[in-house]
Amino acid sequence: MLILKNVEVYYGKIHAVKHVSLHVRKGEIVALIGANGAGKTTLLSTISGLIRSSSGNILYEGSEISGRNPDAIVKLGISHVPEGRHIFKTLSVEDNLLLGSYHRYSFRKSGPVKKDMEKMYAMFPILAKRKKQLAGTLSGGEQQMLAIGRALMAEPRLLILDEPGTGLAPTIAKEIFSHIVRLRDDHGLTVLLVEQNARSALKIADSGYVIETGRIILQGSAEELLLNRDVQRAYLGRDLDTESPL
Amino acid sequence: MFTVFLQFLFSGLTVGAVYALVGMGFNIIYNSTSIINMAQGEFVVIGGLFMWFFSETVKLPFFLSAILTVLAAGFVGLLMERFTIKPLKSNDLLLMIMVTIAVSILMRGLLMFKFGKDPYSYAPFTEGEPLNIAGAVIQQQTLWVIGITACCIVLLFLFFNRTMMGKAMRACAVDTTAAKLVGINVSRVVMISFILSAMVGAIGGIAITPISLMEYDKGPMLAVKGFCAAIMGGLGRGRGAVIGGFAIGILESMTAGYIHSGMKDAVALVIMLAILFFRPAGLFGSVAMSKLRKF
(Lines give C-alpha, C1' and ligand atoms only; values in the text may rest on other atoms or scores of the structure.)
Protein backbone atom coordinates (compact mmCIF):
# COMPACT_ATOMS: atom_id res chain seq x y z
CA MET A 1 0.00 0.00 0.00
CA LEU A 2 2.80 2.35 0.94
CA ILE A 3 6.30 1.83 -0.36
CA LEU A 4 9.29 3.98 0.44
CA LYS A 5 12.35 3.60 -1.74
CA ASN A 6 15.69 5.09 -0.76
CA VAL A 7 14.16 8.16 0.83
CA GLU A 8 16.56 10.86 1.99
CA VAL A 9 15.46 13.82 4.07
CA TYR A 10 17.45 16.80 5.23
CA TYR A 11 16.11 18.75 8.15
CA GLY A 12 17.93 22.00 7.73
CA LYS A 13 21.51 20.80 7.46
CA ILE A 14 20.93 17.63 9.40
CA HIS A 15 20.70 14.49 7.33
CA ALA A 16 17.75 13.15 9.30
CA VAL A 17 16.63 10.24 7.15
CA LYS A 18 19.20 8.24 5.24
CA HIS A 19 18.35 5.88 2.46
CA VAL A 20 15.19 4.54 4.03
CA SER A 21 13.12 1.91 2.27
CA LEU A 22 10.08 0.37 3.84
CA HIS A 23 6.89 -1.36 2.91
CA VAL A 24 3.49 -1.13 4.55
CA ARG A 25 1.06 -3.82 3.40
CA LYS A 26 -2.69 -3.33 3.31
CA GLY A 27 -4.45 -4.21 6.55
CA GLU A 28 -1.26 -4.37 8.58
CA ILE A 29 -0.04 -2.49 11.60
CA VAL A 30 3.57 -1.61 10.95
CA ALA A 31 5.63 -0.38 13.87
CA LEU A 32 8.58 1.91 13.46
CA ILE A 33 10.71 1.88 16.57
CA GLY A 34 13.82 3.73 17.53
CA ALA A 35 15.30 6.08 20.06
CA ASN A 36 14.67 9.78 20.41
CA GLY A 37 16.01 11.71 17.46
CA ALA A 38 16.37 8.63 15.27
CA GLY A 39 14.34 10.30 12.51
CA LYS A 40 10.99 8.63 13.06
CA THR A 41 8.91 11.80 13.23
CA THR A 42 10.78 13.30 10.28
CA LEU A 43 10.04 10.21 8.23
CA LEU A 44 6.33 10.34 9.05
CA SER A 45 6.16 14.06 8.30
CA THR A 46 7.76 13.37 4.95
CA ILE A 47 5.09 10.81 4.10
CA SER A 48 2.28 13.22 4.97
CA GLY A 49 3.88 16.05 3.02
CA LEU A 50 4.82 18.39 5.88
CA ILE A 51 8.49 17.97 4.99
CA ARG A 52 9.94 17.42 1.53
CA SER A 53 12.29 14.57 0.83
CA SER A 54 15.40 15.44 -1.12
CA SER A 55 15.46 12.21 -3.06
CA GLY A 56 13.86 8.80 -3.22
CA ASN A 57 10.32 7.64 -3.98
CA ILE A 58 7.22 7.45 -1.85
CA LEU A 59 4.59 5.33 -3.56
CA TYR A 60 1.07 5.18 -2.21
CA GLU A 61 -1.19 2.66 -3.91
CA GLY A 62 1.17 2.71 -6.82
CA SER A 63 1.40 6.46 -7.38
CA GLU A 64 4.20 8.79 -6.45
CA ILE A 65 3.26 11.17 -3.64
CA SER A 66 6.57 12.72 -2.64
CA GLY A 67 6.59 16.47 -3.18
CA ARG A 68 2.83 16.83 -2.88
CA ASN A 69 1.24 19.19 -0.37
CA PRO A 70 -0.33 17.80 2.81
CA ASP A 71 -3.85 18.75 1.70
CA ALA A 72 -3.45 16.70 -1.48
CA ILE A 73 -2.13 13.74 0.48
CA VAL A 74 -5.04 13.78 2.92
CA LYS A 75 -7.37 13.61 -0.05
CA LEU A 76 -5.63 10.46 -1.24
CA GLY A 77 -6.51 8.75 2.04
CA ILE A 78 -3.52 9.19 4.32
CA SER A 79 -4.24 10.70 7.74
CA HIS A 80 -1.43 11.65 10.07
CA VAL A 81 -1.90 11.99 13.83
CA PRO A 82 1.14 14.06 14.74
CA GLU A 83 3.36 13.75 17.76
CA GLY A 84 2.04 15.89 20.59
CA ARG A 85 -1.50 15.43 19.24
CA HIS A 86 -1.86 18.94 17.78
CA ILE A 87 -5.57 19.26 18.40
CA PHE A 88 -7.21 22.66 17.87
CA LYS A 89 -7.10 23.69 21.50
CA THR A 90 -9.31 26.77 21.38
CA LEU A 91 -12.02 25.08 19.32
CA SER A 92 -14.71 22.80 20.66
CA VAL A 93 -14.36 19.03 20.54
CA GLU A 94 -17.17 18.93 18.01
CA ASP A 95 -15.49 21.44 15.72
CA ASN A 96 -12.22 19.53 15.96
CA LEU A 97 -13.91 16.40 14.66
CA LEU A 98 -15.79 18.34 12.02
CA LEU A 99 -12.57 19.90 10.73
CA GLY A 100 -11.21 16.40 10.30
CA SER A 101 -13.65 16.01 7.45
CA TYR A 102 -12.54 19.29 5.86
CA HIS A 103 -11.39 17.85 2.56
CA ARG A 104 -14.64 16.03 1.87
CA TYR A 105 -17.11 18.37 3.54
CA SER A 106 -19.74 20.09 1.52
CA PHE A 107 -22.51 22.15 3.02
CA ARG A 108 -25.21 20.52 0.91
CA LYS A 109 -24.16 16.98 1.66
CA SER A 110 -23.36 17.14 5.34
CA GLY A 111 -25.28 13.92 6.04
CA PRO A 112 -22.41 11.43 5.75
CA VAL A 113 -20.15 13.65 7.83
CA LYS A 114 -22.73 13.85 10.61
CA LYS A 115 -23.09 10.07 10.51
CA ASP A 116 -19.34 9.68 10.85
CA MET A 117 -19.32 12.07 13.79
CA GLU A 118 -21.81 9.77 15.51
CA LYS A 119 -19.52 6.82 14.78
CA MET A 120 -16.64 8.66 16.45
CA TYR A 121 -18.78 9.40 19.49
CA ALA A 122 -19.74 5.74 19.61
CA MET A 123 -16.09 4.72 19.45
CA PHE A 124 -14.98 7.30 22.01
CA PRO A 125 -18.00 7.95 24.24
CA ILE A 126 -16.05 10.37 26.41
CA LEU A 127 -15.80 12.75 23.45
CA ALA A 128 -19.58 12.81 23.14
CA LYS A 129 -19.78 13.95 26.73
CA ARG A 130 -17.24 16.70 26.09
CA LYS A 131 -18.71 17.78 22.72
CA LYS A 132 -19.04 21.48 23.55
CA GLN A 133 -15.91 21.80 25.67
CA LEU A 134 -12.77 23.51 24.38
CA ALA A 135 -10.44 20.78 23.19
CA GLY A 136 -7.52 22.23 25.17
CA THR A 137 -9.32 21.51 28.42
CA LEU A 138 -9.40 17.75 27.80
CA SER A 139 -7.06 15.35 29.58
CA GLY A 140 -4.10 13.90 27.69
CA GLY A 141 -5.83 10.62 26.91
CA GLU A 142 -8.97 12.38 25.75
CA GLN A 143 -6.90 14.67 23.54
CA GLN A 144 -5.24 11.64 21.97
CA MET A 145 -8.64 10.09 21.29
CA LEU A 146 -9.77 13.38 19.77
CA ALA A 147 -6.67 13.54 17.58
CA ILE A 148 -7.30 9.99 16.35
CA GLY A 149 -11.00 10.70 15.89
CA ARG A 150 -10.20 13.82 13.89
CA ALA A 151 -7.82 11.88 11.66
CA LEU A 152 -10.44 9.17 11.10
CA MET A 153 -12.97 11.80 10.06
CA ALA A 154 -10.89 12.26 6.91
CA GLU A 155 -11.85 8.68 5.93
CA PRO A 156 -8.29 7.48 5.60
CA ARG A 157 -7.18 4.09 4.35
CA LEU A 158 -3.74 4.57 5.87
CA LEU A 159 -3.46 6.00 9.36
CA ILE A 160 -0.11 7.33 10.51
CA LEU A 161 0.25 7.55 14.28
CA ASP A 162 3.17 9.32 15.89
CA GLU A 163 3.71 8.41 19.54
CA PRO A 164 0.06 7.83 20.45
CA GLY A 165 0.95 6.45 23.87
CA THR A 166 3.55 8.94 24.97
CA GLY A 167 2.80 10.99 28.04
CA LEU A 168 -0.27 8.95 28.94
CA ALA A 169 -0.94 6.84 32.00
CA PRO A 170 -0.25 3.17 31.22
CA THR A 171 -3.91 2.14 31.40
CA ILE A 172 -4.93 4.97 29.09
CA ALA A 173 -2.14 4.11 26.66
CA LYS A 174 -3.36 0.51 26.70
CA GLU A 175 -6.85 1.67 25.84
CA ILE A 176 -5.53 3.72 22.92
CA PHE A 177 -3.59 0.70 21.65
CA SER A 178 -6.66 -1.51 21.84
CA HIS A 179 -8.49 1.05 19.74
CA ILE A 180 -5.73 0.88 17.15
CA VAL A 181 -6.04 -2.92 16.97
CA ARG A 182 -9.78 -2.60 16.56
CA LEU A 183 -9.32 -0.13 13.71
CA ARG A 184 -7.28 -2.73 11.86
CA ASP A 185 -9.48 -5.71 12.67
CA ASP A 186 -12.94 -4.17 12.33
CA HIS A 187 -12.38 -1.41 9.82
CA GLY A 188 -9.58 -2.85 7.72
CA LEU A 189 -7.43 0.20 8.31
CA THR A 190 -3.72 0.09 7.59
CA VAL A 191 -1.62 1.66 10.32
CA LEU A 192 1.93 2.97 10.40
CA LEU A 193 2.82 3.41 14.03
CA VAL A 194 5.76 5.15 15.64
CA GLU A 195 6.26 4.53 19.29
CA GLN A 196 9.05 4.87 21.81
CA ASN A 197 7.49 2.18 23.91
CA ALA A 198 8.73 -0.53 21.59
CA ARG A 199 7.19 -3.40 23.51
CA SER A 200 3.59 -2.23 23.34
CA ALA A 201 4.03 -1.22 19.71
CA LEU A 202 5.48 -4.54 18.61
CA LYS A 203 2.84 -6.45 20.58
CA ILE A 204 0.05 -5.10 18.41
CA ALA A 205 2.03 -4.83 15.17
CA ASP A 206 2.30 -7.30 12.33
CA SER A 207 5.72 -6.21 11.24
CA GLY A 208 8.26 -3.69 12.30
CA TYR A 209 11.28 -1.62 11.40
CA VAL A 210 14.03 -0.42 13.70
CA ILE A 211 15.46 2.97 12.84
CA GLU A 212 18.70 4.31 14.26
CA THR A 213 20.24 7.70 13.42
CA GLY A 214 18.18 7.96 10.27
CA ARG A 215 18.85 4.45 8.96
CA ILE A 216 16.74 1.31 9.02
CA ILE A 217 18.95 -1.19 10.78
CA LEU A 218 16.54 -4.06 11.25
CA GLN A 219 13.26 -5.23 9.87
CA GLY A 220 11.05 -8.23 10.25
CA SER A 221 7.82 -9.57 11.61
CA ALA A 222 6.81 -8.22 14.98
CA GLU A 223 7.50 -11.58 16.70
CA GLU A 224 10.97 -11.77 15.25
CA LEU A 225 11.80 -8.31 16.43
CA LEU A 226 10.40 -8.94 19.90
CA LEU A 227 12.72 -11.94 20.21
CA ASN A 228 15.72 -10.27 18.60
CA ARG A 229 18.57 -9.87 21.09
CA ASP A 230 19.65 -6.45 19.85
CA VAL A 231 16.12 -5.15 19.97
CA GLN A 232 15.63 -6.54 23.43
CA ARG A 233 18.80 -4.93 24.66
CA ALA A 234 18.35 -1.56 23.04
CA TYR A 235 14.61 -1.02 23.11
CA LEU A 236 12.94 -3.46 25.44
CA GLY A 237 15.05 -2.68 28.46
CA ARG A 238 16.53 -6.10 28.98
CA ASP A 239 20.19 -6.44 29.78
CA LEU A 240 20.96 -9.90 28.47
CA ASP A 241 24.62 -9.81 29.48
CA THR A 242 23.94 -9.57 33.18
CA GLU A 243 20.77 -11.64 33.20
CA SER A 244 21.53 -15.03 34.56
CA PRO A 245 20.69 -17.83 32.13
CA LEU A 246 17.91 -20.00 33.42
CA MET B 1 -27.75 68.88 30.38
CA PHE B 2 -29.21 65.55 29.33
CA THR B 3 -29.45 66.74 25.74
CA VAL B 4 -25.74 67.47 25.67
CA PHE B 5 -25.00 64.08 27.14
CA LEU B 6 -27.16 62.42 24.52
CA GLN B 7 -25.40 64.34 21.80
CA PHE B 8 -22.01 63.16 23.01
CA LEU B 9 -23.33 59.62 23.26
CA PHE B 10 -24.45 59.59 19.63
CA SER B 11 -21.19 60.96 18.33
CA GLY B 12 -19.40 58.38 20.48
CA LEU B 13 -21.49 55.58 18.99
CA THR B 14 -20.61 56.73 15.49
CA VAL B 15 -16.85 56.69 15.91
CA GLY B 16 -17.20 53.63 18.13
CA ALA B 17 -18.82 51.74 15.26
CA VAL B 18 -15.77 52.35 13.09
CA TYR B 19 -13.40 51.35 15.89
CA ALA B 20 -15.43 48.19 16.26
CA LEU B 21 -15.05 47.42 12.56
CA VAL B 22 -11.32 48.03 12.69
CA GLY B 23 -11.12 45.84 15.78
CA MET B 24 -13.02 43.12 13.94
CA GLY B 25 -10.54 43.46 11.10
CA PHE B 26 -7.70 42.86 13.54
CA ASN B 27 -9.51 39.81 14.88
CA ILE B 28 -10.12 38.30 11.46
CA ILE B 29 -6.43 38.23 10.64
CA TYR B 30 -5.38 37.39 14.20
CA ASN B 31 -7.87 34.53 14.32
CA SER B 32 -6.47 32.83 11.27
CA THR B 33 -2.78 33.69 11.48
CA SER B 34 -2.01 35.10 14.96
CA ILE B 35 -0.61 38.16 13.15
CA ILE B 36 -1.53 41.69 14.26
CA ASN B 37 -1.99 43.56 11.01
CA MET B 38 -0.86 47.10 11.64
CA ALA B 39 -2.05 48.20 8.21
CA GLN B 40 -5.65 47.70 9.29
CA GLY B 41 -6.30 51.45 9.55
CA GLU B 42 -5.15 52.01 5.96
CA PHE B 43 -7.95 49.76 4.73
CA VAL B 44 -10.46 52.17 6.28
CA VAL B 45 -8.73 55.08 4.55
CA ILE B 46 -8.78 53.18 1.27
CA GLY B 47 -12.51 52.67 1.77
CA GLY B 48 -13.18 56.38 2.16
CA LEU B 49 -10.83 57.66 -0.51
CA PHE B 50 -11.66 55.04 -3.16
CA MET B 51 -15.35 55.63 -2.57
CA TRP B 52 -14.78 59.33 -3.15
CA PHE B 53 -12.80 58.52 -6.28
CA PHE B 54 -15.45 56.22 -7.76
CA SER B 55 -18.47 58.32 -6.85
CA GLU B 56 -17.17 61.89 -7.25
CA THR B 57 -14.46 61.64 -9.89
CA VAL B 58 -15.61 58.72 -12.04
CA LYS B 59 -19.24 59.63 -11.22
CA LEU B 60 -20.44 56.08 -10.85
CA PRO B 61 -23.75 55.44 -9.09
CA PHE B 62 -23.59 55.02 -5.32
CA PHE B 63 -24.08 51.26 -5.11
CA LEU B 64 -21.63 50.45 -7.85
CA SER B 65 -19.02 52.72 -6.28
CA ALA B 66 -19.46 51.04 -2.92
CA ILE B 67 -19.13 47.56 -4.41
CA LEU B 68 -16.10 48.55 -6.47
CA THR B 69 -14.49 50.13 -3.41
CA VAL B 70 -14.97 47.03 -1.29
CA LEU B 71 -13.64 44.81 -4.08
CA ALA B 72 -10.66 47.12 -4.64
CA ALA B 73 -9.85 47.06 -0.94
CA GLY B 74 -10.10 43.27 -0.96
CA PHE B 75 -7.69 43.25 -3.87
CA VAL B 76 -5.26 45.43 -1.95
CA GLY B 77 -5.52 42.97 0.95
CA LEU B 78 -4.79 40.13 -1.46
CA LEU B 79 -1.76 41.91 -2.90
CA MET B 80 -0.51 42.67 0.57
CA GLU B 81 -0.69 39.03 1.63
CA ARG B 82 0.72 37.58 -1.60
CA PHE B 83 3.64 39.99 -1.83
CA THR B 84 4.63 40.60 1.77
CA ILE B 85 3.33 37.89 4.08
CA LYS B 86 3.45 34.81 1.87
CA PRO B 87 7.02 35.18 0.60
CA LEU B 88 8.22 35.25 4.21
CA LYS B 89 9.15 31.70 4.88
CA SER B 90 9.65 32.50 8.52
CA ASN B 91 7.16 31.67 11.22
CA ASP B 92 8.32 34.56 13.36
CA LEU B 93 5.15 36.45 14.23
CA LEU B 94 7.00 39.55 15.36
CA LEU B 95 8.71 39.75 11.99
CA MET B 96 5.39 39.50 10.18
CA ILE B 97 3.90 42.23 12.36
CA MET B 98 6.83 44.49 11.48
CA VAL B 99 6.21 43.76 7.82
CA THR B 100 2.61 44.93 8.22
CA ILE B 101 3.89 48.18 9.72
CA ALA B 102 6.10 48.64 6.66
CA VAL B 103 3.14 47.97 4.39
CA SER B 104 1.06 50.56 6.23
CA ILE B 105 3.76 53.18 5.70
CA LEU B 106 3.98 52.24 2.04
CA MET B 107 0.22 52.44 1.57
CA ARG B 108 0.07 55.82 3.26
CA GLY B 109 2.76 57.08 0.89
CA LEU B 110 0.91 55.81 -2.15
CA LEU B 111 -2.38 57.27 -0.95
CA MET B 112 -0.75 60.65 -0.41
CA PHE B 113 0.79 60.43 -3.86
CA LYS B 114 -2.61 59.85 -5.44
CA PHE B 115 -4.96 61.91 -3.25
CA GLY B 116 -2.75 64.54 -1.69
CA LYS B 117 -3.06 65.73 1.87
CA ASP B 118 -6.56 67.17 1.72
CA PRO B 119 -9.47 65.64 3.53
CA TYR B 120 -12.19 64.23 1.31
CA SER B 121 -15.90 63.75 1.74
CA TYR B 122 -19.02 62.97 -0.26
CA ALA B 123 -22.77 63.19 0.25
CA PRO B 124 -24.36 61.04 2.96
CA PHE B 125 -26.13 57.86 1.81
CA THR B 126 -29.58 59.37 2.31
CA GLU B 127 -30.56 63.01 2.21
CA GLY B 128 -33.00 64.30 4.75
CA GLU B 129 -33.61 66.05 7.98
CA PRO B 130 -31.54 64.87 10.95
CA LEU B 131 -33.52 63.07 13.60
CA ASN B 132 -34.23 64.81 16.85
CA ILE B 133 -34.27 62.73 20.01
CA ALA B 134 -34.84 64.59 23.27
CA GLY B 135 -33.18 67.65 21.83
CA ALA B 136 -30.11 65.79 20.56
CA VAL B 137 -29.55 65.76 16.82
CA ILE B 138 -28.67 62.58 14.98
CA GLN B 139 -27.67 62.67 11.37
CA GLN B 140 -29.15 59.95 9.22
CA GLN B 141 -25.63 58.89 8.28
CA THR B 142 -24.99 58.02 11.92
CA LEU B 143 -27.76 55.46 11.73
CA TRP B 144 -26.23 54.09 8.54
CA VAL B 145 -22.85 53.71 10.20
CA ILE B 146 -24.29 51.88 13.19
CA GLY B 147 -26.60 49.73 11.06
CA ILE B 148 -23.87 48.71 8.64
CA THR B 149 -21.55 47.88 11.52
CA ALA B 150 -24.23 45.73 13.10
CA CYS B 151 -24.77 43.84 9.82
CA CYS B 152 -21.03 43.23 9.42
CA ILE B 153 -20.80 41.94 12.97
CA VAL B 154 -23.65 39.49 12.56
CA LEU B 155 -22.36 38.22 9.21
CA LEU B 156 -18.83 37.76 10.51
CA PHE B 157 -20.08 35.97 13.60
CA LEU B 158 -22.07 33.55 11.46
CA PHE B 159 -19.13 33.09 9.14
CA PHE B 160 -16.64 32.17 11.86
CA ASN B 161 -18.94 30.01 13.95
CA ARG B 162 -21.25 28.36 11.49
CA THR B 163 -19.34 27.80 8.25
CA MET B 164 -16.64 25.27 7.56
CA MET B 165 -14.43 27.94 5.97
CA GLY B 166 -14.72 30.11 9.08
CA LYS B 167 -13.86 27.23 11.36
CA ALA B 168 -10.96 26.30 9.12
CA MET B 169 -9.67 29.85 9.46
CA ARG B 170 -9.81 29.61 13.22
CA ALA B 171 -8.11 26.22 13.06
CA CYS B 172 -5.20 27.71 11.13
CA ALA B 173 -4.59 30.25 13.85
CA VAL B 174 -4.52 27.65 16.59
CA ASP B 175 -2.29 25.11 14.95
CA THR B 176 -0.92 25.46 11.45
CA THR B 177 0.58 21.99 11.36
CA ALA B 178 -2.67 20.34 12.37
CA ALA B 179 -4.58 22.51 9.91
CA LYS B 180 -2.37 21.25 7.09
CA LEU B 181 -2.82 17.67 8.25
CA VAL B 182 -6.62 17.82 8.09
CA GLY B 183 -6.28 19.04 4.53
CA ILE B 184 -6.70 22.80 4.91
CA ASN B 185 -4.81 24.84 2.36
CA VAL B 186 -3.29 27.18 4.92
CA SER B 187 -1.83 29.62 2.44
CA ARG B 188 -5.25 30.16 0.90
CA VAL B 189 -6.87 30.68 4.29
CA VAL B 190 -4.34 33.36 5.17
CA MET B 191 -5.03 35.07 1.86
CA ILE B 192 -8.78 34.99 2.44
CA SER B 193 -8.38 36.46 5.90
CA PHE B 194 -6.46 39.43 4.53
CA ILE B 195 -9.05 39.98 1.81
CA LEU B 196 -11.92 39.75 4.27
CA SER B 197 -10.37 42.06 6.80
CA ALA B 198 -9.51 44.63 4.14
CA MET B 199 -13.11 44.54 2.98
CA VAL B 200 -14.47 45.02 6.49
CA GLY B 201 -12.13 47.98 7.01
CA ALA B 202 -13.19 49.53 3.71
CA ILE B 203 -16.87 49.19 4.57
CA GLY B 204 -16.19 51.18 7.73
CA GLY B 205 -14.35 53.81 5.71
CA ILE B 206 -17.18 54.14 3.19
CA ALA B 207 -19.75 54.63 5.93
CA ILE B 208 -17.83 57.07 8.13
CA THR B 209 -16.37 59.42 5.51
CA PRO B 210 -19.50 61.60 5.00
CA ILE B 211 -19.44 62.33 8.76
CA SER B 212 -15.81 62.60 9.73
CA LEU B 213 -14.04 63.18 6.39
CA MET B 214 -11.11 61.07 5.26
CA GLU B 215 -7.49 61.90 4.58
CA TYR B 216 -4.48 59.82 3.68
CA ASP B 217 -2.94 59.67 7.16
CA LYS B 218 -5.94 58.75 9.25
CA GLY B 219 -4.92 55.10 9.24
CA PRO B 220 -2.50 54.81 12.17
CA MET B 221 -4.83 56.52 14.63
CA LEU B 222 -7.72 54.33 13.52
CA ALA B 223 -5.50 51.28 13.83
CA VAL B 224 -4.46 52.25 17.36
CA LYS B 225 -8.06 52.80 18.42
CA GLY B 226 -9.25 49.63 16.73
CA PHE B 227 -6.41 47.71 18.32
CA CYS B 228 -7.43 49.08 21.73
CA ALA B 229 -10.96 47.92 21.02
CA ALA B 230 -9.72 44.44 20.11
CA ILE B 231 -7.44 44.27 23.17
CA MET B 232 -10.12 45.58 25.47
CA GLY B 233 -12.56 42.89 24.40
CA GLY B 234 -9.88 40.22 24.36
CA LEU B 235 -7.94 39.70 21.15
CA GLY B 236 -9.74 37.34 18.83
CA ARG B 237 -13.15 37.72 20.45
CA GLY B 238 -15.61 39.12 17.92
CA ARG B 239 -18.10 40.36 20.49
CA GLY B 240 -15.27 41.75 22.58
CA ALA B 241 -14.01 44.01 19.78
CA VAL B 242 -17.52 45.31 19.19
CA ILE B 243 -18.15 46.22 22.81
CA GLY B 244 -14.60 47.53 23.14
CA GLY B 245 -15.02 49.68 20.04
CA PHE B 246 -18.24 51.28 21.20
CA ALA B 247 -16.91 51.74 24.74
CA ILE B 248 -13.82 53.54 23.49
CA GLY B 249 -15.84 55.65 21.08
CA ILE B 250 -18.25 56.76 23.82
CA LEU B 251 -15.53 57.41 26.41
CA GLU B 252 -13.62 59.39 23.83
CA SER B 253 -16.48 61.64 22.92
CA MET B 254 -17.40 62.15 26.60
CA THR B 255 -13.82 63.12 27.36
CA ALA B 256 -13.74 65.51 24.44
CA GLY B 257 -17.04 67.02 25.49
CA TYR B 258 -16.70 67.26 29.25
CA ILE B 259 -12.95 67.58 29.80
CA HIS B 260 -11.01 68.75 26.81
CA SER B 261 -10.94 67.74 23.17
CA GLY B 262 -7.16 67.49 23.32
CA MET B 263 -7.48 64.60 25.77
CA LYS B 264 -9.63 62.57 23.43
CA ASP B 265 -6.89 60.47 21.84
CA ALA B 266 -5.30 59.69 25.17
CA VAL B 267 -8.38 57.82 26.37
CA ALA B 268 -7.89 54.81 24.15
CA LEU B 269 -4.22 54.54 25.02
CA VAL B 270 -4.86 54.80 28.75
CA ILE B 271 -7.50 52.09 28.48
CA MET B 272 -5.15 49.90 26.50
CA LEU B 273 -2.39 50.24 29.08
CA ALA B 274 -4.78 49.56 31.94
CA ILE B 275 -6.08 46.43 30.22
CA LEU B 276 -2.59 45.18 29.47
CA PHE B 277 -1.52 45.77 33.07
CA PHE B 278 -4.51 44.40 34.89
CA ARG B 279 -6.36 42.05 32.60
CA PRO B 280 -4.28 41.05 29.57
CA ALA B 281 -6.88 38.51 28.45
CA GLY B 282 -9.29 41.41 27.89
CA LEU B 283 -12.58 42.11 29.59
CA PHE B 284 -14.41 39.32 27.80
CA GLY B 285 -11.60 36.98 26.86
CA SER B 286 -11.33 34.02 29.16
CA VAL B 287 -8.03 33.55 30.92
CA ALA B 288 -8.16 29.82 30.13
CA MET B 289 -8.49 30.64 26.46
CA SER B 290 -5.62 33.09 26.43
CA LYS B 291 -3.35 30.51 28.03
CA LEU B 292 -4.04 28.13 25.17
CA ARG B 293 -2.91 30.77 22.70
CA LYS B 294 0.46 31.57 21.25
CA PHE B 295 0.26 35.20 22.34
Side-chain angles (χ1 to χ4, degrees), chain A residues 41 44-45 47-51 68-92 94-108 110 113 133-138 143 146-147 149-156 159-160 162, chain B residues 27-28 30-34 86 89-92 157-192 233-240 281-282 284-295:
Chain A
T41 298
L44 295 192
S45 304
I47 297 170
S48 60
L50 290 173
I51 304 176
R68 296 212 192 177
N69 286 328
D71 47 310
I73 289 173
V74 176
K75 272 189 201 139
L76 292 173
I78 301 180
S79 257
H80 178 176
V81 182
E83 184 181 13
R85 307 185 266 272
H86 282 275
I87 51 163
F88 301 120
K89 288 181 183 165
T90 52
L91 270 63
S92 70
E94 202 174 19
D95 284 347
N96 267 271
L97 287 177
L98 187 65
L99 280 164
S101 68
Y102 182 81
H103 78 86
R104 63 190 176 102
Y105 185 85
S106 87
F107 185 71
R108 275 186 228 138
S110 61
V113 169
Q133 237 168 283
L134 292 185
T137 62
L138 300 183
Q143 291 192 10
L146 180 58
R150 187 183 64 189
L152 292 175
M153 285 297 290
E155 282 191 321
L159 186 66
I160 297 177
D162 197 349
Chain B
N27 283 345
I28 293 169
Y30 177 81
N31 268 343
S32 57
T33 61
S34 296
K86 187 166 183 261
K89 292 281 184 234
S90 146
N91 285 323
D92 187 353
F157 179 81
L158 291 176
F159 176 72
F160 276 110
N161 289 290
R162 296 276 183 276
T163 70
M164 194 64 166
M165 192 65 216
K167 285 174 187 176
M169 286 173 79
R170 283 162 65 206
C172 284
V174 188
D175 198 316
T176 321
T177 307
K180 283 182 191 161
L181 287 178
V182 297
I184 297 171
N185 185 335
V186 174
S187 157
R188 195 163 68 204
V189 164
V190 173
M191 184 183 84
I192 291 172
L235 209 50
R237 311 278 290 189
R239 264 166 298 174
F284 308 99
S286 74
V287 179
M289 177 84 111
S290 69
K291 275 190 192 145
L292 297 174
R293 283 221 167 99
K294 283 182 246 172
F295 84 99

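Chain letters run A, B, ... following the sequence lines, proteins first and then strands; every chain starts at 1. Note that the structure is a prediction, hence the values are computed from the model and not measured. Side chains included, hydrogens not; waters and symmetry mates left out as well; all remaining heavy atoms used.
The contact between A:Ser101 and chain B is made by backbone and side chain atoms together, counting heavy-atom distances below 4.5 Å. A:Leu50 touches chain B through its side chain: at least one heavy atom from C-beta onward sits under 4.5 Å away, while N, CA, C and O do not. Heavy-atom distances place no part of A:Ile73 under 4.5 Å from chain B, backbone and side chain included. For A:Tyr105, the part lying near chain B is the side chain, with the backbone staying farther off; criterion is any non-hydrogen pair under 4.5 Å.
The minimum heavy-atom distance between A:His103 and A:Ala154, with the atom names listed, is NE2-O, 2.9 Å.
With A:Gln143 contributing its side chain and A:Leu138 its backbone, the two residues share a donor-acceptor pair below 3.5 Å. With hydrogens and angles ignored, the 3.5 Å screen pairs a side-chain donor or acceptor of B:Ser32 with a backbone N or O of B:Ile28. Although no hydrogens or angles enter the test, the distance criterion places a donor-acceptor pair under 3.5 Å between the side chain of A:Ser79 and the main chain of A:Ala151. A donor-acceptor pair is defined here as one N or O able to donate and one able to accept, closer than 3.5 Å; no such pair exists between the side chain of B:Asp175 and the backbone of A:Phe88.
Highest contact tally toward chain B, considering only A:Met153, A:Lys75, A:Arg150, is held by A:Arg150 [criterion: heavy-atom pairs under 4.5 Å].
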